[in-house]
Amino acid sequence: MSSLNLLVVTPYLVLAGTAVVVMLVSTFSKSHALLLWLTGAGLAGTFASVLVAAASPDRRATALLRIDDYALYFTGLVVVITTAVVFLSYSYLGRTERQRSDYYVLMLLAALGGSILIASTHFASLFLGLEILSVSLYGLISYPRARVQAIEAGLKYLVLAATTAAFLLLGMALIYAVTGFMSLRELAGFAGQATGWDALTYRIGIGLVLAGIGFKLAVVPFHLWTPDVYQGAPAPVAAFVATVSKGAVLVLLLRYIGEVDLAKGGVLAMILSAVAYASMIGGNLLALMQQNVKRLLAYSSIAHMGYMLVALVAGGSSSRIAVAFYLSVYSVSLATAFGVIAVLSRPKDEAESLDVYRGMIRKRPVLASIFTASLLSLAGIPLTAGFLGKFFIVRAGAGSALWGLIAILAITSAMSLYYYLRVIVVVFADEQGVERTRGAGPASRRMGGRLAAVTLSSMTAITIFLGVYPDPLIRLINAVAAAAG
Amino acid sequence: MSAIPMGYALGLAAILFALGLVGVLVRRNIIFVLASIEVMLNAAGLAFLAAGARWGRADGQVMFVFILAVAAAEVSVGLAIALKCRRHLGTLDIDAISKLKD
Amino acid sequence: MHAVLPFVPFFPMVAFAVLALAGGRMAPRIIAITGVAPTALSALLTLITTGAFLGAPPDGRVLSVSFWTWVHIGGFAPKIAFYLDPLSLVMMLVVTFVGSLILLYSVEFMKGQEGYRRFFAYMNLFIGSMLILVLSSDLLFLLVGWEGVGLSSYLLIGFWYGDPANGAAARKAFIVTRVGDTALLVGLLLIFTQLGSLDIQNTMGSAQAEWARGSGMATAAALLILSGAIGKSAQLPLQTWLPDAMAGPTPVSALIHAATMVTAGVYLVARTHVVFDLAPAAQMVTAIIGAATLLYAGLSALAQTDIKRVLAYSTISQIGYMFLALGVGAWSAAIFHLMAHAFFKALLFLAAGLVIKAMGEEHDIRRMGGLRKDLPIVFWTFLIGAASLAAFPLVTAGFFSKDLVVDLTLSSQRGNLFLWVVAVVGALVTSLYAFRVVFLVFFGDPQSTLPRSTSPQERRGRGFGKASVVPLLVLATLAVAGGWMQLPRQWGGPSAFTDFLQPVLPAPATRVGGFAESAAPQVIVAVISVAAIYLSYLLFARRPAVVAGVAEHPLFQRLSNLALSGWGFDRLYGAVFVTPFLWLTRGGRGDVIDAGVSTIAWLARLLQRLLRRSQSGRLRYYVAAASFGVIAFIAVGILR
Amino acid sequence: MMVAFWIAGGVAVAATGMVITRKNAMHALLYLVVSFLALAVVFYVLGAPLIAALEVIIYAGAIMVLFLFALMLLGLSTRHERQERAWMRPQGWVLPGLLTAVLLAELIYVMASGGPGAAPGAAPGPLEVKDVGMSLFGPYLLGVELASILLLAGLVAAHRLTREDPEDELQ
């Protein structure tokens, strides 16, 4: 039962260890760069240990975690995105914020929470992973002292996260009361057999658990916090919330659904499709007229979760492939878009308004092109990775004959093109936008700028490369998904 | 194994949970909201205990211990944010803290 | 040749990238060179390829260049590949040649305009996308070009985004065509799930093998493809965007909304003609849509007062002819008319652009007049264009192409007398409105009270240099001579064009004998075209008083207003889609003409306003919403 | 046993009701302590003495002390009490009350629609503290580690949020 191959859990050990090391080092060194490189080295080490773990044939990690190829793939993704976010944070923080060690510690812990979620097969690890993620995010969202909106965002996130966590716990308790199991695999076996009181309580438990999960996914009707928190949070943290935090929960959901047979007309399928409909429509509609870029991305992220739920409802291996691909691509593209915002932002003065981006192509052509590419990918324009992601989802949906969901997906993503293009048109406009003053700290800014440029360029390169030649990634995902099935 | 039927304990948990939820929905003072969240978490813990008692296994109690840790972490960060709200926004009124909106 | 082909779309794309990334540092001269030269080079490469094709035996006229397989998943392996056959070659010729002429024209026309570099960047993006569209061998890759074309069109219509109306026009174009695009996407999905591939050649082959003639699957696929084509090509009922799209600069109207983009739908149908061949019902729908559109748009054009809107409706009408041809199975006739139309319509737009410029941005033809002497070159070229549009017999390209279409409307086995009558009436209307513009603009007395430039020199200074005039002359030549390669079949002359396309687009089966076989239909059409020109002369040049008298009549006025607003389609959409939702808003909307401006967008905005209320920023409402969600979830669990 | 459950449960519900209706934060917290103590009795009755002790020590002890410290730092006074009264107008209770009533009704409906059968399998024996400990440091060892990381995250976050850096104020 408690058998554990230490080699397999090294990614988590390295992440936690790095957090502790960064904390300790910060007590005697105030060098921001040192903290950054320590964090970067820790993340690189984590990535390496993911590869080591992937090579290990012995994957026992107690009943709490199931570290298969699928989990390792997404852990790798989490590490990559976190690294990008950390690199993008450097110049953002470098200008005004003191005491930056907490930021990196929390970022590492949040990544750890996400990774645990991805691998969890047990209520205990699920819940603890979720909470590690949440609690770290409370700190990260309200991180900038000079930004009052961040406090409000943090408060909103905390109250809602805690409330929905309570829902989740109650649901888990009910499920446990009915089945006596807390491991997802055993639960899946139980799902079909219950009758009478048991079945009823079980379904209610599932409903409550889905509420807790729905909050993290920010799907309708648990989406209301998203724009406020994204707007209030520092841009790099918003990128993290939108990608790692959501992605990890989605993978978890996918894993559970992979275990149960998502029978058509079942409660789970019914709820998930209703949520998918509502999220696609609601998210896209809300984004339509938005003038604040961070809120726009927040709304669009709601819609993207809706798209991925379509694949989730479809079930089967094609759904695993679709979600894995879409999530990877979406994470990279959205993190890039937020990264551009981060580069233009300072904690006290975030580049939120659309006016800031007016005529950006003239002043900062490379950054503007990166921004455009990421938006086009999010919009799903062909030859960007986003298009292929959408195609996979449609394919998975068509495989299960979810025509209604596909139709809404097609219509709403056509709608989404409109608001993404609106931003692009502004970026390419001729007149100049609001002039932005740059903060002090030339040395750190220069390095931070270069770091951000390298990070953003490589992420854009990935987006375009995957759009034009996605075969390698698809092979990898195929292999990984096969292992999970 | 206790003599208390699980349904009763779960019912008590449901009532407490609902009271906590009312608190979160009704109260505007952050401190009360946080206290209400504690009540909800505690109720969920009670449900776990009741369930664990049904199966006669320690899992329920283990989960309670984890919930305890979570409650502690949540409340400490929550109170820290409350202090920040008071200092920077000058209020603890949750309704007044709504500058971020469409 | 394999090595050359990829460069054809590559050059404009590179030009786009360079111009887009260059920032504000480029001199106008450099911008002009970067903007025009690559496409001209592509045109040259196309010419070389054409030479090679003509030299090859008919069955050797195929070129396929495969780059890489995009993905492999199960049976799904779309390729990034080009496939050149006579059909795509014709399209490529039109796009590169007309494209480079229009770019050359723009060098002077757009000089000094805000966003010179941006303009050339978008134009090159458009040309590159269009080339990808016509060259791609896979329907999925074709969609890349299709979307790129839509994107650059959106950007170009809204080019002068300073005026909100232009933005609205851009949005309208975008959203209306999107309706069609969504259907097209579903169609591709259907084809893929049914036939297991999206490669055009494979798909057409297996469609023929697997779908019975008239089967539901074939009809559904054909209708879905047709919906996409209708949207792009501005046919009924998705035509409303094109007249408003005239908000863009005139070269844009010439290139996108006359010569190339709107013909993408025609190309798509011709490309997938096998599916249409298997679905006679869908083909009939195509023909009826074409016939209805050509008549509807022709009558609308007759009432327009904005010179560009006349040409816009005329474009819709002429594409209606192409759809009519497609509908009766006269595939190569449609493509022939497409080519001829590209020549004379681009010419008309470019000439109109110079007229508008000379008049100081005046668009209203009633305020022009007597420009014949002031703008001789423009006059003569416009006259040639109008003659070609009106299918002036025996000389113009428009005559030969339209004759082929009208002839096959009757003589093809899928055609019938009714469609033929519509086509002939359409020809009459075409001559009327085409020469109405000629007579109102170039003849009679100057009507304008606007300050007109005093001397020809000054006007020349506003952009009438060689770069503007040469494209006019070249296009005028093509608008006349472009049709001589294909003489009417009754004449027994050469039929080089249809022969060239024969391997791809088979000739339709024709009826034998009877009225259709005789020379009578052709004579009737020719006589009607000429007579209509004379009628136009009588009405608009000789006795404008008569027209004015009739115009006074209230019945006519109502009719005319109806035609002016495009037969109330915007209003109809307003009534059908918008009114049911009016009670939801207090004010309603007064502006009837624009009530249909993106009805969908409007509806979306309404819903959006309602939804936005939920984003109150109040945390307790957020918790309440979450609780509501939980309750709903549990209710589902209990009730099931 | 049953009687103890009913009494303790009743006290818990009543005290919790007081928590969410008090105007004075200090009073509310004292009621919260009462509620936790009553729940501790419930836990004991349910056969979980260890948890009962933890409830008293950590919830009623440590966490409440944290709350009290925060209250002291915030310095809530009678002025706030008046404000609380103004905030708690009856109409503010309608929608939340309704929502929660529906939720509670759903939950109770299920609880009341017939209890579960006896636990299948071997009749479980009484649980001792040792059993809980064996589980915690056996199969749930990773969970304990994760809980410690969670507390670390809470610590760092709280540290960050409460620490004021004079230099930042200048920004």
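Chain naming here is simple, since letters A, B, ... match the order of the sequence lines and numbering starts at 1 in each.
- For a residue to count as touching a neighbouring chain, one of its non-hydrogen atoms must lie under 4.5 Å from one of that chain's; by this rule Phe17(B) touches chain A with the side chain only.
- Chain B forms more heavy-atom pairs under 4.5 Å with one residue of Met182(A), Gln291(A), Gln149(A) than with any other, namely Met182(A).
- Interface remark: of the candidates Ala51(B), Ser36(B), Ala13(B), Ser76(B), Ala51(B) forms the most heavy-atom pairs closer than 4.5 Å to chain A.
- Listed for the Gln231(A) side chain is no donor-acceptor partner under 3.5 Å among the backbone atoms of Leu100(B).
- Only the side chain of Glu131(A) comes within less than 4.5 Å of a heavy atom in chain B; its backbone stays farther off.
- Heavy-atom distances place both the backbone and the side chain of Ile97(B) under 4.5 Å from chain A.
- The shortest non-hydrogen separation linking Phe66(B) to Ala124(A) is CE1-CB, 3.9 Å.
- When heavy atoms are compared at a cutoff of 4.5 Å, Val77(B) approaches chain A by way of both its backbone and its side chain.
- Proximity to chain B (any heavy atom under 4.5 Å) is restricted, for Leu128(A), to the side chain, taken from C-beta onward.
- Of all non-hydrogen atoms in Glu74(B) and Ala162(A), the two that sit nearest each other are OE1-CB, 3.4 Å.
- Both the backbone and the side chain of Phe167(A) come within contact range of chain B, with heavy atoms under 4.5 Å apart.
- When heavy atoms are compared at a cutoff of 4.5 Å, Tyr157(A) does not approach chain B at all.
- Remark: Arg87(B) CZ to Ile151(A) CD1 distance equals 9.5 Å, nearest 0.5 Å.
- The neighbour count for Phe181(A) CZ, taken as heavy atoms of other residues, nucleotides or ligands under 6.0 Å away, is above 12.
- For the pair Tyr176(A) and Arg54(B), the minimum side-chain heavy-atom distance is 4.5 Å or more.
- The two residues Ser98(B) and Glu152(A) make their nearest non-hydrogen contact at CA-OE2, 3.2 Å.
- For Ile30(B), the part lying near chain A is the side chain, with the backbone staying farther off; criterion is any non-hydrogen pair under 4.5 Å.
- What you find for Arg145(A) and Lys84(B) is that their closest heavy atoms are CA-NZ, 4.1 Å.
- The distance from atom CZ of Arg147(A) to atom NE2 of His88(B), rounded to the nearest 0.5 Å, is 14.0 Å.
- Contacts of Leu46(B) with chain A are absent, with no heavy-atom separation under 4.5 Å from either backbone or side chain.
- Val135(A) approaches Ala73(B) most closely through the heavy-atom pair CG2-CB, 4.2 Å.
- Residue Ala44(B) comes nearest to Ala166(A) through the heavy atom pair CB-O, 4.2 Å, listed as atom of the first residue, atom of the second, then distance.
- In this structure, Ile37(B) CD1 and Leu158(A) CG are separated by 6.0 Å, a value rounded to the nearest 0.5 Å.
- Contacts of Met40(B) with chain A are made by both backbone and side-chain atoms, with heavy-atom separations under 4.5 Å.
- If you take CH2 on Trp55(B) and OG1 on Thr179(A), they are separated by 6.5 Å, rounding to the nearest 0.5 Å.
- With chain A as the partner, the residue from Ile67(B), Val33(B), Val24(B) showing the most heavy-atom pairs under 4.5 Å is Ile67(B).
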